[in-house]
There are 2 protein chains.
Amino acid sequence: MSLRHAVLGLLAEGSASGYDLMKLFDVSLANTWPATQSQLYGELGKLADAGLVTVAAEGPRGRKEYAITEEGRAELRRWITEVEPSRPHRSDMLLRVFFLSQVPPEQARAYLRAQADLAAERLARLESIRPFVESGTDNLSRNGRIALEYGLRLSRLQQEWATWAADQIK
Amino acid sequence: MSLRHAVLGLLAEGSASGYDLMKLFDVSLANTWPATQSQLYGELGKLADAGLVTVAAEGPRGRKEYAITEEGRAELRRWITEVEPSRPHRSDMLLRVFFLSQVPPEQARAYLRAQADLAAERLARLESIRPFVESGTDNLSRNGRIALEYGLRLSRLQQEWATWAADQIK
DNA sequence: CATTGCATGTAACGCGTTACATGATTAT
DNA sequence: ATAATCATGTAACGCGTTACATGCAATG
């Protein structure tokens with residue numbers, strides 16, 4: 001149930017329409033909590049029903065600008081401080097590793113080297129968005145830098161691990 | 001669609017019943033691809049319908065022993081070598097980081113320190129299962145060690161990052 | 001004989017993905 | 001005019017979670 005809090009979190013920084021949020025997701029939470037247009041509109045409806053957001057204004061083309069309510073802010077704070085992060089997170093990349101004996105050693109090594117390459121690409125991609133995040137002065141950018149640092153470290157770890165793992169295949 | 005391949009992968013090492021697989025998941029793939037009893041039985045039915053596994057034997061208490069077929073092995077190999085690992089993986093732990101400005105700095109730091117502690121616990125838990133994985137000589141154990149190493153490195157990364165992140169909150 | 005373990009299944013619910021469907025406004 | 005952008009919604013499908021439901025066999 002985190003999409004709900006992702007939406008609340010973005011609205012806590014300022015009111016926005018579903019359409020605005022869609023774009024905001026793409027430039028901020030895309031790597032952490034991706035969401036589709038479909039989901040967003042559905043969630044906004046539910047949040048409004050629950051009284052956590054309200055339609056603050058209506059504009060042209062049926063545009064609805066949503067604003068977070070006090071209850072919404074309270075729920076967001078509660079989620080941040082009281083709910084503990086979950087998830088035995090699934091990784092199909094790692095799942096394959098368990099079954100690498102099913103293919104010849106060269107193919108197993110090739111798989112791991114490919115993972116190293118993919119990690120390197122992700123690292124490069126994250127490095128490339130760094131300047132944008134670095135230049136922002138808003139709350140989201142400031143915290144986004146901390147999240148980005150996680151992504152950078154993770155990509156490096158994956159690259160190094162995959163390289164190491166390839167050498168383990170005898 | 002990876003549960004299907006997780007099941008195929010385990011059956012590739014030897015025939016087993018749904019009940020056996022349940023326990024196997026718990027001791028091998030629990031941290032990489034958890035599955036519930038419900039899911040397992042459903043998937044086995046679908047795999048049998050698709051001809052990727054067969055009921056090799058029936059035992060007492062309605063026990064059905066499933067065996068992987070040649071098509072099943074082919075599909076497993078195809079998945080390992082040809083399908084590229086997916087997933088922009090979601091993290092509610094990281095999502096919270098974006099919204100840390102919504103709570104007072106001390107609470108934000110407390111959150112991150114708690115994450116460091118949790119990572120340390122996970123690290124300890126993984127270290128504790130190491131001896132078991134280390135002693136196994138089967139394929140699953142051998143590859144499991146490589147997967148475990150990933151988990152160990154990841155936990156350390158998370159601990160270090162969270163500690164660093166807490167210091168970033170001014 | 002009672003408990004534990006073996007063993008299989010179904011149903012309800014929520015979330016995420018993809019595709020479909022529609023229409024108003026602005027810019028060229 | 002026409003294309004691009006703004007803007008909102010619905011429907012179908014699959015996967016994962018939780019809870020429910022049932023019953024046989026071995027062990028003490």
Side-chain angles (χ1 to χ4, degrees), chain A residues 1-8 10-11 15-27 29-50 53-67 79 83 86-92 95, chain B residues 1-8 10-11 15-27 29-50 53-67 79 83 86-92 95:
Chain A
M1 258 247 273
S2 291
L3 174 63
R4 131 164 288 172
H5 300 101
V7 171
L8 285 175
L10 291 182
L11 287 179
S15 299
S17 68
Y19 193 83
D20 294 338
L21 287 173
M22 227 177 88
K23 288 183 296 176
L24 247 179
F25 261 83
D26 282 344
V27 297
L29 307 182
N31 296 298
T32 303
W33 204 273
T36 61
Q37 173 259 21
S38 233
Q39 253 183 304
L40 245 30
Y41 285 108
E43 194 60 48
L44 282 168
K46 286 184 220 159
L47 281 166
D49 289 346
V53 305
T54 47
V55 178
E58 305 209 20
R61 278 162 298 198
R63 174 190 170 91
K64 293 181 203 164
E65 186 153 298
Y66 290 92
W79 175 74
V83 181
S86 63
R87 206 161 331 268
H89 90 294
R90 289 178 167 82
S91 165
D92 63 327
L95 183 56
Chain B
M1 259 246 273
S2 290
L3 173 64
R4 134 164 285 174
H5 299 102
V7 171
L8 285 175
L10 292 182
L11 287 180
S15 299
S17 68
Y19 193 82
D20 294 337
L21 286 172
M22 227 177 89
K23 288 183 296 175
L24 247 180
F25 261 83
D26 282 343
V27 297
L29 307 181
N31 295 298
T32 302
W33 205 275
T36 60
Q37 174 257 24
S38 234
Q39 254 182 305
L40 245 29
Y41 285 108
E43 195 58 49
L44 282 168
K46 287 185 220 159
L47 282 166
D49 288 348
V53 305
T54 46
V55 178
E58 305 209 22
R61 277 162 298 195
R63 175 190 170 94
K64 293 182 203 163
E65 187 153 296
Y66 290 92
W79 174 75
V83 181
S86 63
R87 203 152 337 257
H89 89 295
R90 290 179 166 83
S91 164
D92 63 327
L95 183 57

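Convention: sequence-line order gives letters A, B, ...; per-chain numbering from 1.
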Open item on the list: I'd like the 5' and 3' limits of the part of DNA chain C contacted by chain B, with heavy-atom contacts below 4.0 Å.
Closed with: C:dG5 to C:dT17
TODO: Start with the C-alpha gap between B:L3 and B:W33, add the side-chain angles, then the distance that decides, and say whether side-chain contact (heavy atoms from CB on, under 4.5 Å) holds.
DONE: CA-CA 8 Å; B:L3 173 64; B:W33 205 275; 4.1 Å; yes
TODO: Scan residues 40-49 of chain A for pairs that pass salt bridge (charged side-chain N to carboxylate O under 4.0 Å, His left out), counting only residues two or more places apart or in two chains.
DONE: A:R4-A:E43
- [ ] Report which part of the nucleic acid B:M1 touches: base, sugar-phosphate, or nothing (heavy-atom distance under 4.0 Å, all strands).
- [x] sugar-phosphate
Open item on the list: If the threshold is 4.0 Å, N to carboxylate O, is there a salt bridge linking B:K64 and B:D20?
Closed with: no
Task: Separation of atom NZ in A:K23 from atom C1' in D:dA7, rounded to whole Å - done: 10 Å
- [ ] Please figure out whether A:P60 or A:W33 has its closest DNA chain C nucleotide nearer the 5' end.
- [x] A:W33
TODO: Work out which heavy atom in A:Y41 is nearest to a heavy atom in A:Y19; give both atom names and the distance.
DONE: OH-N, 3.4 Å
Task: Residues in contact with DNA chain D, drawn from residues 37-47 of chain B - heavy-atom cutoff 4.0 Å - done: B:S38, B:Q39, B:K46
- [ ] Report the distance from atom CG of A:D26 to atom CG of A:L21, rounding to the nearest 0.5 Å.
- [x] 11.0 Å
Task: A:R90 side chain to B:T32 backbone, donor-acceptor under 3.5 Å - done: no
- [ ] For B:S86 and A:D92, work out which heavy atoms get closest and say how close.
- [x] N-OD2, 3.4 Å
Task: Strand DNA chain C as a dot-bracket string - pairs counted if Watson-Crick or G-U with both distances under 3.5 Å, | where the partner lies in another strand - done: ||||||||||||||||||||||||||||
Open item on the list: Just to verify, what does A:W79 make a ring pair (Phe, Tyr, Trp, His ring centres under 6.0 Å) with, not counting sequence neighbours?
Closed with: A:H5
- [ ] Would you please name every residue forming a side chain to side chain contact (heavy atoms under 4.5 Å, CB included) with A:S38, sequence neighbours left out?
- [x] A:T36
TODO: Under 4.0 Å between any heavy atoms, over every strand shown, what does A:R4 touch: base, sugar-phosphate, or nothing? Just pick one.
DONE: nothing
